[in-house]
2 protein chains.
Amino acid sequence: MTDMDRSVLVPALTNLATRLRIDSVRSTSESASGHPTSCASAADIVAALFFAELRFDPKDPHHPAADRFVLSKGHAAPLLYAAWAEAGSFDRSELLKLREIGSDLEGHPTPRLPFVDVATGSLGQGICAAVGIALNARRITSDYRTYCLLGDGESAEGSVWEAAEVGAQDGLDNLCAITDVNGLGQSRPTMWQHDLEQFARRWSAFGWHAITIDGHDISQILDAFAEARATTGKPTMIVAGTVKGKGIGIAEGKEHWHGKAFKKGEEMDTVLAELERQFVPQSSDVDLVKAIRKPASRPASSSEPNSLTEPDYKLGDQVATREAYGAALAKLGAADSRVVALDADVKNSTFSDKFEKAFPDRFYENFIAEQVMIGSAMGLAARGAIPFPSTFAAFLTRAADFVRMLAISNLNVKLAGSHAGVSIGEDGPSQMALEDLAMFRAQPNFAVLYPCDAVSTEKLVAEMAAHPGPAYMRTSRPKTPVIYGPEETFEIGGLKVVRESDDDVATVVGAGVTLFEAIKAHDALKAEGIGIRVIDLYSLAPVAKKALVASGRATRGHIITVEDHYAAGGIGDAVSAAVSDAGIRVHRIAVREIPRSGKPEELLDRYGISSSHIVAAVKALK
Amino acid sequence: MTDMDRSVLVPALTNLATRLRIDSVRSTSESASGHPTSCASAADIVAALFFAELRFDPKDPHHPAADRFVLSKGHAAPLLYAAWAEAGSFDRSELLKLREIGSDLEGHPTPRLPFVDVATGSLGQGICAAVGIALNARRITSDYRTYCLLGDGESAEGSVWEAAEVGAQDGLDNLCAITDVNGLGQSRPTMWQHDLEQFARRWSAFGWHAITIDGHDISQILDAFAEARATTGKPTMIVAGTVKGKGIGIAEGKEHWHGKAFKKGEEMDTVLAELERQFVPQSSDVDLVKAIRKPASRPASSSEPNSLTEPDYKLGDQVATREAYGAALAKLGAADSRVVALDADVKNSTFSDKFEKAFPDRFYENFIAEQVMIGSAMGLAARGAIPFPSTFAAFLTRAADFVRMLAISNLNVKLAGSHAGVSIGEDGPSQMALEDLAMFRAQPNFAVLYPCDAVSTEKLVAEMAAHPGPAYMRTSRPKTPVIYGPEETFEIGGLKVVRESDDDVATVVGAGVTLFEAIKAHDALKAEGIGIRVIDLYSLAPVAKKALVASGRATRGHIITVEDHYAAGGIGDAVSAAVSDAGIRVHRIAVREIPRSGKPEELLDRYGISSSHIVAAVKALK
């Protein structure tokens, strides 16, 4: 927020907005792709925001006390890049490398750029991250403010309304969003077109302070920012009526110009000449960049995490891994103040309530809204927290697109999913995660963990927290016996051989509940004089390739995998990917049809993943 | 809607609601699990709905003109089952088999039961399906009405607000939803607790007619249904204030009773005795079941589909498979009136606009809201349509949980995802689907197709439509040459050997854009005297196991897979799953890191999936 006189400021910002439009046109024409018209509608808003409202240091975008800006309508990336170049973060000539393979100025923003907190470009996600970034200000007791620019078409995404709920519920008056209501989507006019009141009514009804303005009137924009700053107890939504392609005659307010660059040559030149003519006289020379207000002093950084004590379980104790997860999370929270937890109203099932009881200030309730839970975790992680969002593993699929964007953002979010597989029993298939491993393994930078007992759960929760980048832990509903001593070590990318002999006919790889089926099968076969090696594959990604190949070779070239998961994408595929170029035969035991309600042990047997099926598979080997 | 006098009707419905509560308690106590308190809050609503409002035939739940009811709060399944038993659909003694492995009365409703259209239990989905079911009434020009019961906690899901948008946009006055505002979630009070006006304001703001009532006052419930029926041009939301556990003193309005059955024995007996005491005197004997109004006469059934003409492409034509998809869909629409298409504002990129132009009445725009797009497709499919929802494949992940519930529902929905892989180029990773195959292959009953040219696309679109159950087609952005003649046949579960010789050193399996990289590699290697077999794996699920094993054996036991997809869950895993127990070595070429913006051919090369990488992999074989 600048205190410059409006008579000086408004023409200066007007001209700056014109420059941003020019840069957006130039860069997209140069790359022959991109969204210049979506930049043009938001140029006045972004000019006013960057050069008269935000407190930031263009040379230090990561400054922890700086105001944050999330471009939720990520396709307007060229506008974002132009603003940062204008602020002096990098040379404007870089803008012409937009979308080139050698440039970090990608088609949509990613955190490869120092001024981008979370990747956007899948619509409706940036506002969820902004909620997390605003929550983070409270966590670090900073007065930085968070701003987020949405598109109107984007506002059809349900995730936007999840963010609306949580932003209001948490009373985030440090959050100010702007909807660029240009009335045109990709393929047609938007649902609500230019009905600004319709937007304002909905945001008000969701508990936000809503302001409607002309999004091309600099003074109205500045007033709205001031009003947002003065609003307490609730976040603000500025509903800005705009024109898509504003300032560009051939495209202004017209359909069929979405995502189209102006052709280099006559078309682009005409557009640029038209924009150049829009510069207005300025009464005095002002340096808006110099006038940018710098962030407040740095908040105290978190103290170093303390070391953890060893797990306090005894061999044979019956503990569900989901419960051990909750206990481990609370323990971790005591050792590391960066650790926070997020819930979607199942904390008493995932046992994240153990963390809430210990650290209520670092526990964020999202009610039954998994998208904003993960989106806000991304925002928190982008600003230094180590968030652990958790729910039933099945319901993490609700936020699969957020998981995808989390992977692209490569943020430090640690997901946990409970109630995996048919072993949950009577609740039936809607509550059983049978494809969660496939979802998380698909992302190339996710660590995927699946402990079988309380000790390995506790140790791996600590490993997850220490691991740089995204991670997932799958936990189970039934109680399972503790099989590891407190001194046992576990690493991401490791495995444990839990049974072996000198003459094993096959390696059986299980994890979670199926490890115990494999042990049962081992015991049954041993009684018949048949040896099998049993592996606990607690880390599915990365996977211990060498150890699996070695074990397969040592057991006559046969590996049998057994998992409480569908056949595709889980343990069988992870093992096969590790050993299939070594010529080792992999036989998969997995759930192969849509299951139904029943008792856990009945279901393990009916869907073919119980010990008797393992015994049969071993005996069938040739 | 009955014309019975209120003085007779109200006490009769009151007692019926009490019976439903009793049945819900009994069945959950018998199974020692379930949600009796969530049933109790909604019992009066369900009693009034089933026995004084719905037109249906208890003996013919599938009647095409019958009013439909979707229990979006699926955990209240025992209440639904009790209502259908009370109506005479099946014997009440069945209720005591709730959640048993031998009973179709599962923990949450699935279409294994004839009166369930879509599986529910993942919250916020039923209302999306209800939108589709209401749209279907228009499609078949039936006046059946659609009713949907939501929970208040459930209303935090963004998908609920996507349904709100589309329901309003489409003016679905044949849709009436009820929110059971009992104020308590699973782990704590809900976000808005008993603030009925808060719910009404939001639904009104989204364009619905909203009515607030006491959800335990039968007369108010009946009046609200009548008001909904009289409302034109918009759907109605009845916001019903209720008490969780209503009628059950120990649980009524209390936390920590979510999802808990009353213990058989003294606890259950006390509850049942308390409920029995709630029966009120009835002045006359009424048979509410007999009074159920039957559905109108059956609408005319769809005519048999016409046969399709052969594709009109020439060998060598350059056509993107996404464009061939749109053309094929329009052609199919002409032959089969059950075919409908759904879009999320990218119809000009997926080419589903070709269908819209030909059949605007069978084209449903969902704007940028993928969850309701797939949810309403499920509703349409449940009532006889063959829906083809499409968007960028990356954005189908937005609805992964709907895909999961679609698989559980086993409905006839045909998804198409365009813009697969790094071959889209400059838009960057947020727009690239690199995990879609993993998502769809994970579901055991999905057909997963990935054509490489226009002819195979067109033929496989027809195969998808004819295939019973869910299916997915992946299409690509770049133009690729037509390589198949119009007479070529393609089947779900098939593959094509497109290059082979008598002395091939390896089988190279590609699909979509990588098939052409494999052909290029073939030609380059052939020039050096090295033969490879090239397979077009256009069907990933089911996969042609026998043919793959035979090919692997014929090519020295080596298969190389190459895919524009991350390494996990796609072609490599599909092939490996087919051949890895046969001891054939599978070498995977796939995208192994988060990609960036660039030109398509640059990206194929940078991420290791271009022809030169295939050549190198073949040469590296030992």
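FYI, side chains are in, hydrogens and waters are out, and symmetry mates aren't considered; it's all heavy atoms of this structure. Throughout, protein chains are lettered first and strands after them, A, B, ... in sequence-line order, and every chain is numbered starting at 1.
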Quiz prompt | Toward chain B, the part of A:Trp192 with a non-hydrogen atom under 4.5 Å | solution = side chain

Quiz prompt | Under 4.5 Å from a heavy atom of chain A, the part of B:Ile584 involved | solution = backbone

Quiz item: In terms of heavy-atom proximity below 4.5 Å to chain A, should B:Asp343 be classed as side chain, backbone, both, or neither?
Solution: side chain

Quiz item: Considering only heavy atoms from C-beta outward, does the side chain of A:Val422 approach that of A:Leu434 to under 4.5 Å?
Solution: yes

Self-check item: chain A contacts, top residue of B:Glu593, B:Arg398, B:Glu426 (heavy-atom pairs, under 4.5 Å)
Solution: B:Arg398

Exercise. Check each atom of A:Glu154 against the heavy atoms of chain B and say whether the ones under 4.5 Å are side chain, backbone, both or neither.
Key: backbone

Exercise. Identify which part of B:Ser33 has an atom lying under 4.5 Å from any heavy atom of chain A, answering side chain, backbone, both or neither.
Key: side chain

Practice problem: Sort B:Met373 into side chain, backbone, both or neither according to what part of it lies under 4.5 angstrom from a heavy atom of chain A. | Solution: neither

Quiz item: Counting distance only, does the side-chain N/O of A:Gln125 pair as donor-acceptor with the main-chain N or O of A:Asp401 below 3.5 Å?
Solution: yes

Quiz item: Can the positive tip of B:Arg202 be found less than 6.0 Å from the middle of the six-membered ring of B:Phe206, inside 45° of the ring normal?
Solution: no

Self-check item: Heavy-atom proximity to chain A below 4.5 Å, by part of B:Ser349
Solution: both

Quiz item: Can you tell which of B:Pro595, B:Gly185, B:Ala394, B:Ala119 has the highest number of heavy-atom pairs within less than 4.5 Å of chain A?
Solution: B:Ala394

Self-check item: Residues B:Arg99 and B:Glu106 bridged, charged N to O under 4.0 Å
Solution: no

Self-check item: Minimum side-chain heavy-atom gap A:Arg404-A:Ser122 below 4.5 Å
Solution: yes

Quiz item: Taking the six-membered ring of A:Tyr566, is the NZ or CZ of A:Arg592 close enough (under 6.0 Å from the centre) and on axis enough (within 45°)?
Solution: no

Self-check item: Side chain, backbone, both or neither of B:Glu365 within contact of chain A (heavy atoms, under 4.5 Å)
Solution: side chain

Exercise. Please report the shortest heavy-atom distance between B:Phe402 and B:Ser159, naming the atom on each side.
Key: CZ-CB, 3.7 Å

Quiz item: Relative to chain A, which segment of B:Ala164 carries a heavy atom at a distance below 4.5 Å: side chain, backbone, both, or neither?
Solution: neither

Quiz item: Checking A:His108 side chain against B:Asp427 main chain: does a donor-acceptor pair fall under 3.5 Å?
Solution: yes

Quiz item: A:His565, A:His258, A:Arg112: which one forms the most heavy-atom pairs within less than 4.5 Å of chain B?
Solution: A:Arg112

Self-check item: Residue pair B:Val403, B:Phe446: steps toward the side chain to side chain contact (heavy atoms under 4.5 Å, CB included) verdict
Solution: CA-CA 10 Å; B:Val403 167; B:Phe446 252 83; 4.0 Å; yes

Quiz item: Can you tell which of B:Ala369, B:Gly153, B:Ala577 has the highest number of heavy-atom pairs within less than 4.5 Å of chain A?
Solution: B:Ala577

Quiz item: Checking heavy atoms, do the side chain of B:Pro109, its backbone, both or neither come under 4.5 Å from chain A?
Solution: neither

Quiz prompt | SB check B:Arg596 A:Asp104 (cutoff 4.0 Å) | solution = yes

Exercise. With a 4.5 Å cut-off on heavy-atom pairs, point out which of B:Val579, B:Asp573, B:Asn366 contacts chain A the most.
Key: B:Asp573

Practice problem: Below 4.5 Å from any heavy atom of chain A, which atoms of B:Gln169 appear? Answer side chain, backbone, both or neither. | Solution: side chain

Exercise. Please determine, among B:Ala399, B:Ala438, B:Pro429, the option with the most heavy-atom pairs under 4.5 Å with chain A.
Key: B:Pro429

Quiz item: If you tally heavy-atom pairs under 4.5 Å against chain A, which of B:His75, B:Arg201, B:Arg188 wins?
Solution: B:Arg188

Self-check item: Options A:Ala567, A:Gly572, A:Pro444, ranked by heavy-atom pairs under 4.5 Å with chain B, top entry
Solution: A:Pro444

Quiz item: At a heavy-atom separation under 4.5 Å, does B:Glu100 approach chain A through its side chain, its backbone, both, or neither?
Solution: backbone

Practice problem: Give, as side chain, backbone, both or neither, the part of B:Asn445 having an atom under 4.5 angstrom from any heavy atom of chain A. | Solution: side chain

Self-check item: Interchain contact, B:Met405 with chain A, by part (heavy-atom threshold 4.5 Å)
Solution: side chain

